[in-house]
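Let me begin by presenting the structure, written as structure tokens, before commenting on it.
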Amino acid sequence: MGFFDRLKQSLAKTRDSLAGKVESLLKFSTKIDEDTLEELEEILITADIGVDTTEKLISRLREKVKAEKIKSPEELKEALKNEIINVFPEPKFDIIPPAIILIVGVNGVGKTTTIGKLAYKFKSKGKKVILAAADTFRAAATEQLSIWGQRVGVDVIKHQEGSDPASVLFDAIQAGKARRADIIICDTAGRLHTKKNLMEELKKLYRVSEKEYPEARISSLLVLDATTGQNAIAQARIFKEAVNISGIILTKLDGTAKGGVAVAIASELNLPVLFVGVGEGVDDLQEFDPNAFVDAIF
Amino acid sequence: MAFEALTQKLEAVFKKLRGKGKLTEADVKQAMREVKLALLEADVNYKVVKDFIQRVTERAVGQEVMESLTPAQQVIKIVNDELTRLMGSKESRLNFSPSKVTVIMMVGLQGSGKTTTAGKLGLYLSKKGRRPLLVAADIYRPAAIKQLQVVGEKIGLPVFTMGEQNPVNISRAALEYASRHNNDVVIIDTAGRLHIDDELMQELINIKDAVNPDEILLVVDSMTGQDAVNVAEAFHNKLQLTGLILTKLDGDTRGGAALSIKAVTGCPIKFVGMGEKLTDLEPFYPERMASRILGMGDVLSLIEKATAAIDHNKARELEEKIRKEDFTLNDFLEQLKQVRKMGSLDQILNMIPGFSPQKLQGVEFNEKELVHIEAIINSMTKEERLNPSIINGSRRRRIAMGSGTSVQDVNRLLRQFEQTKKMMKQLSELEKGKKKGRFKLPFFNL
């Protein structure tokens, strides 16, 4: 199955609920009036796009309706689609070895699983990957990552539960240098962005990377659960401030969640979505393409 | 800040309403638009918001304006009543089996926090004198069984495992094991699954049929968006849930999911997860949550926490002092020590009326800072502690030197102390107001 089909399939639910409503709305209205726009607004909000971003999108759409003399509902739909696509910044994420990738996010979003999938992706491209089990807080997180390491066939650097995450990363960096790894992927403990001390701990991981491996390119990726509502924006903002997030991995898009908050994050923080998680299998991580994303929605 | 908490949004709305002699229909409409936007931003489900707004508007514009309240207070009261009603009007307890082993089944999406919550619930019940058995029935996620074992070890509870066998068999065997080993509660930790995964949903139905649980609890991430309703409805339709547990409520989520799920499924919220520690599980009190959303603070929870952690005599002394507003730096120090026993500062601050963390800008509450605070107060003379107003520039410098901090730190502490005093005053006024049976709102005295 091609990428497009997979994405489309996994977004089928989103499409049914969102586009279904758009279709039925547009079918009954032959001309565009304020009511039509207001109802579009509602549809976007129920997709978790959020009040602010929805209002921005709709007001731009309103201008377009005037400027381009949009008359038919089909044209309106195309225009809205384009508005959403335009919100996403160009994803800039290329791995130039040696690289360190910090995987961060709140609890339960799927960081460890995503790392397994990422490791598989990079390994399939012929890269040598080392995983750092720096989630030393959650019970059995290290074991979970180790199992993924075995599945994918990459080394995992680990310490005891409760040890300092920075020391795990330090060892992983030494191992990475010695074994000539291309990419070190660092798992981190889930933390709510409001916990100041835990965010400081995360900054320390970033500093350790800079200090111990100056030649390496360091990037931080934020893992977001697609079922999350507007709190995701606060998460993205604060993680971005802490460890300079370069992009988002949107997980659990195979449910009925709309993932619309990604549009809000792109709009407010100019953060691209890089990958989407669409299942529990090792190859269920897809590169994100805004065109396909929006096409699959409508 | 663009993303204010729901509480602050509503406060802002009602600030606009306040001071008007009478509420016109247009006023109510304006306020309701703001309430609607706030609720939507809080991730309350769209349909639930619509219903809510309609009900509140009807009541607000209608005849129900009491003489004792200003119209703005009246609107707040109605919004508060309706919020409380929406979340269930009274606290809901667990159902225990009267004769045999009580079976509790934990279900939910991936990553909602089932395993951690199973541990928390086990600890909670064992503190209440029960003898729970944790059952590892998540055979899919790597190391999930191990995770439950580690959790069980931490809290000193037995964990039943049978490797990666069929979860139905595991659950059945666990029940037998429990009756043989004198465990009176069995908590089954099932694997996370999507509500649209028919195969795995069937597995839950099979477990349910096999062990006939007294409680089927859906564990929901409180940060969930509009989809919360679909998830809860699907689980409810398949399993007839008996209740919900909201997790990760210690973050800054506005928690609209709580409102929507309750409204759509009718299932009561039985517990909330409030932190990373295994003791951070609390019963859910709907009226307290409504008050918290409205910025009236969670005074009841605060007092309850205080009585659980604080030495009773000291608590009585403190209460007396609060009442008399005779609160010194010595008490502040003592209180800080007690507070540390109650939990993290963020948790406690969230419960204080009209006192959202955002309001404390410039006042950093960091756990480590408590050590500095202690040092600073210890470096003061007795007189200074009793009467901080005498602390002038040179005293400040001396205190800073003595405690190894800076003058800025000393200033910040003194500011914090003043704020605490103010807050204490509010708290005691609120208490007094309650005694007189009046509906009094702290943010009207600001």
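This one's a predicted model, so the numbers in the text were calculated from it and none came from an experiment. Proteins come first, then strands; the chains are lettered A, B, ... in the order of their sequence lines, and each starts at number 1.
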Would you say the side chain of [Y] lies within less than 4.5 Å of the side chain of [X], judging by non-hydrogen atoms?
| X | Y | value |
| --- | --- | --- |
| A:T228 | B:T224 | no |
| A:D254 | B:L194 | yes |
| B:E276 | A:N107 | yes |

In Å and rounded to the nearest 0.5 Å, what is the [atom1] to [atom2] distance from [X] to [Y]?
| X | Y | atom1 | atom2 | result |
| --- | --- | --- | --- | --- |
| A:Q144 | B:R141 | CD | CZ | 5.0 Å |
| A:T142 | B:Q147 | OG1 | CD | 11.0 Å |
| B:N230 | A:T256 | CG | OG1 | 4.5 Å |

Open item on the list: At a 4.5 Å cut-off on heavy atoms, which part of B:K50 comes close to chain A: side chain, backbone, both, or neither?
Closed with: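 Just its side chain gets close to chain A.
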Open item on the list: Does any backbone or side-chain atom of B:L109 lie under 4.5 Å from a heavy atom of chain A? Answer side chain, backbone, both or neither.
Closed with: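 Contact with chain A involves the side chain of B:L109 alone.
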Report, as yes or no, whether the 6.0 Å neighbourhood of atom [atom1] on [X] holds more than 12 heavy atoms from other residues, nucleotides or ligands.
| X | atom1 | answer |
| --- | --- | --- |
| B:E153 | CD | no |
| B:F271 | CZ | yes |
| A:K203 | NZ | yes |

Side chain, backbone, both or neither: which part of [X] has a heavy atom under 4.5 Å from chain B?
| X | value |
| --- | --- |
| A:V106 | side chain |
| A:L145 | neither |
| A:E55 | side chain |

Smallest separation among heavy atoms of [X] and [Y], with atom names:
| X | Y | value |
| --- | --- | --- |
| A:T46 | B:Q226 | O-CB, 3.4 Å |
| B:K154 | A:F137 | NZ-O, 4.3 Å |
| A:R151 | B:P142 | NH2-CG, 3.7 Å |
| A:D48 | B:D227 | OD2-N, 4.3 Å |

- [ ] Quick one: do B:V150 and A:E143 satisfy side-chain contact (heavy atoms from CB on, under 4.5 Å)? Show the steps, please.
- [x] CA-CA 11 Å; B:V150 175; A:E143 282 85 347; 5.7 Å; no
Open item on the list: Whether A:E280 and B:R193 form a salt bridge (side-chain N of Lys/Arg under 4.0 Å from carboxylate O of Asp/Glu) is what I want to check.
Closed with: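 Looking at B:R193 and A:E280, the cut-off is not met.
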Is there a donor-acceptor pair under 3.5 Å between the side chain of [X] and the backbone N or O of [Y]?
| X | Y | result |
| --- | --- | --- |
| A:N231 | B:M223 | no |
| B:K146 | A:A139 | no |
| B:K248 | A:L192 | no |

TODO: In sequence, state the C-alpha distance, the side-chain angles, and the governing distance for B:Q110 and A:D225, and then conclude on side-chain contact (heavy atoms from CB on, under 4.5 Å).
DONE: CA-CA 10 Å; B:Q110 291 95 337; A:D225 183 336; over 6 Å; no
Open item on the list: Let's test your reading of the structure: which of A:A140, A:S146, A:G190 forms the most heavy-atom pairs below 4.5 Å with chain B?
Closed with: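 Option with the greatest count: A:A140.
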